[in-house]
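First up is the structure itself, then whatever we jot down about it.
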Amino acid sequence: MKIPYFRAFQLKLKKMKKINLALSLVISLFLVSCGGGSKDAKVADATSESGKTTETAPAAPKTVIVEADWSDTDLSTVAPMVHVSMRVPKGVKMEKNGNGGADIRIDAAHLFTVSTLAVSSIKEAMESDKSLTINNKSYKNGKVISEEPNGLVYSMQMNDEANGTKYEPEAHFVYYVEKDGAIYSIQDMRPLDNYSLAGSAYPEDIAKQLYALVKGSAKAK
């Protein structure tokens, strides 16, 4: 009895599928034994707990200080309440902030904020700034790198987050000038649009260089 043509075709197709399945299994076993597919397995392991892949953080920008490119500037032309002159990079962006002070965008990582303070002494101003930085519970490992009567260089590190995010330590400075009872602070801060920068964008040596440059040029008028 002859098998109808269509039925014979089905049997042949079924037989070919079994052969292909067997070949696929052999190839898969060969790839695993040779290390093939291990990358996918590692990705699966890495994402199984977090539910997302981990991206490599971009390299922190390097601050380059060329003192010849800095020139004396009267900040009262930017913010009338700030009677201070100091050296800033030529052509740098400066603007009056919402508190009546002057914001100076040094580069992608650094913003100098020059403020008029309602305090009775530089010592009081310094203690207040310490309470907001190295002595603040939002940070850890706060320490004074160097301190003088008119300013300090310090470092701090943001606390780890509950989701496992960790932060690097970063160094900043604050310097004060005074004249006729008026006290002003010049503080190095992160620009608001760059809070995602790694702490390595703020190394100790750069904080010291910037502090020295400000200390050597800032004057109350």
Item checked: Steps toward side-chain hydrogen bond (donor to acceptor under 3.5 Å, both in side chains) verdict (Thr133, His172) -> CA-CA 10 Å; Thr133 53; His172 298 278; over 6 Å; no
Next item on the list: Begin with the C-alpha distance, continue with both residues' side-chain angles, and end with the deciding distance and a verdict on side-chain contact (heavy atoms from CB on, under 4.5 Å) for Met156 and Asn136.
Entry: CA-CA 10 Å; Met156 61 190 186; Asn136 191 303; over 6 Å; no
Next item on the list: Apply side-chain contact (heavy atoms from CB on, under 4.5 Å) to Thr77 and Met94, showing your working.
Entry: CA-CA 10 Å; Thr77 61; Met94 298 184 293; 5.8 Å; no
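With sequence neighbours excluded, the residues forming a side-chain contact (heavy atoms from CB on, under 4.5 Å) with Pro169 are Gln157, listed by chain and number. Among residues two or more places apart in sequence or in another chain, the salt bridge (charged side-chain N to carboxylate O under 4.0 Å, His left out) test is passed with Glu147 by Lys130. Shown here are the salt bridge (charged side-chain N to carboxylate O under 4.0 Å, His left out) partners of Lys221, two or more places apart in sequence or in another chain: Asp74. Taking the salt bridge (charged side-chain N to carboxylate O under 4.0 Å, His left out) definition, one finds that Lys166 meets it with Asp160, sequence neighbours left out. Applying the salt bridge (charged side-chain N to carboxylate O under 4.0 Å, His left out) criterion to Lys215, with sequence neighbours excluded, gives Glu148. His83 meets the ring pair (Phe, Tyr, Trp, His ring centres under 6.0 Å) test with no other residue; sequence neighbours excluded.
Here side-chain hydrogen bond (donor to acceptor under 3.5 Å, both in side chains) pairs that include residues 114-123, with residues two or more places apart or in two chains, are Ser120-Glu124. Applying the salt bridge (Lys or Arg N to Asp or Glu O under 4.0 Å) rule to pairs touching residues 181-203 yields Arg105-Asp193, Glu170-Arg190, sequence neighbours excluded. Residue pairs satisfying the side-chain hydrogen bond (donor to acceptor under 3.5 Å, both in side chains) criterion with at least one member in residues 88-101, sequence neighbours excluded, are listed as follows: Asn97-Asp103.
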Just distance, no hydrogens or angles: give the donor-acceptor pairs under 3.5 Å from side chains in residues 176-185, sequence neighbours left out.
from   : atom 1 : to     : atom 2 : distance (Å)
Tyr176 : OH     : Asp129 : OD2    : 2.5

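Taking each heavy atom of Asp72 and Ser217 in turn, the nearest pair found is OD1-CB, 4.4 Å. Residues Ser155 and Ile134 come closest through the heavy atom pair O-CG2, 3.6 Å. Minimum heavy-atom separation, Val82 to Gly100: CG2-O, 3.8 Å. Closest heavy-atom contact between Ala207 and Val153: CB-CG1, 3.9 Å.
A donor-acceptor pair under 3.5 Å is absent between the side-chain atoms of Arg87 and the main chain of Gly216, judged by distance alone. Judged purely by atom type and a 3.5 angstrom limit, Tyr202 uses its side chain to pair as donor or acceptor with the backbone of Ala109.
Looking only at side-chain heavy atoms (C-beta outward), Pro89 and Asp69 stay at 4.5 Å or farther from each other. Ile106 is listed as a side-chain neighbour of Trp70, based on a closest heavy-atom distance under 4.5 Å. Counting heavy atoms from C-beta on, the side chains of Thr63 and Gln209 never come closer than 4.5 Å. Within the 4.5 Å cutoff, side-chain heavy atoms of Asn150 are placed close to those of Tyr175. Contact annotation: the side chain of Thr73 never approaches that of Ile104 to less than 4.5 Å [non-hydrogen atoms, C-beta and beyond]. In this structure, Met126 and Val174 have side chains that are not in contact, with every pair of non-hydrogen atoms separated by 4.5 Å or more.
In this structure, the separation between CG on Leu152 and OH on Tyr211 is 7.0 Å, given to the nearest 0.5 Å.
The aromatic rings of Phe173 and Phe112 stand perpendicular to each other, their planes meeting at an angle above 60°, with 30° marking the opposite boundary.
The other members of the hydrophobic cluster of Leu192, by chain and number, are Tyr195 (side-chain heavy atoms under 4.5 Å, ILVMFWY only). Through direct or indirect side-chain contacts shorter than 4.5 Å among Ile, Leu, Val, Met, Phe, Trp and Tyr, Leu111 is connected to no other residue.
A continuous path of hydrophobic side-chain contacts links Ile206 to Ile145 [ILVMFWY only; heavy atoms under 4.5 Å].
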